[in-house]
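Written below as structure tokens is the structure these notes are about.
Computed from heavy atoms alone, side chains included, the values below leave out hydrogens, waters and symmetry copies. Note that the coordinates shown come from a computational prediction; the quantities given were computed from them, not determined experimentally.
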Amino acid sequence: MTSHYVDYTITLPEVQSGEISHLLGRLWQRLHGVLAADDIQHLGISLPALAAKHPGNVLRLHSDAKT
């Protein structure tokens with residue numbers, strides 16, 4: 001069970017809302033690369049607002065322990 005987490009919420013004007021997918025994708029790639037390269041296993045990444053055709057606007061880092 002995840003007991004600690006930090007949410008990063010991206011909010012853009014309606015005109016630029018299509019860029020949220022791109023921003024979250026790039027952020028996901030970077031974070032996943034760092035976690036894998038440094039063998040960090042106590043942190044996870046999720047998209048809690050994920051919808052069928054949109055990743056949502058929230059990226060969550062979570063862990064079982066405060067680190």
- [ ] With sequence neighbours excluded, tell me which residues meet side chain to side chain donor-acceptor pair (under 3.5 Å) with Asp39.
- [x]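 For Asp39, the residues satisfying side chain to side chain donor-acceptor pair (under 3.5 Å) (neighbours in sequence not counted) are Gln41.
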Test of understanding: with side-chain contact (heavy atoms from CB on, under 4.5 Å), list the residues that count as partners of [X], not counting sequence neighbours.
X	result
Leu35	Ile40, Leu43, Ile45
Arg30	Arg26
Leu47	Leu24, Trp28, Leu50, Pro55, Leu59

TODO: Could you grab the distance from atom CG of Leu27 to atom CD of Gln29, nearest 0.5 Å is fine?
DONE: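 Between Leu27 CG and Gln29 CD, I get 10.0 Å after rounding to 0.5 Å.
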Open item on the list: Give me the atom names and distance for the closest heavy-atom approach of Ser63 to His42.
Closed with: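 Where Ser63 meets His42 most closely, the heavy atoms are OG-O, 2.7 Å.
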Task: Donor-acceptor pair, side chain of Asn57 and main chain of Ile10, under 3.5 angstrom - done: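 Yes; at least one donor-acceptor contact below 3.5 Å.
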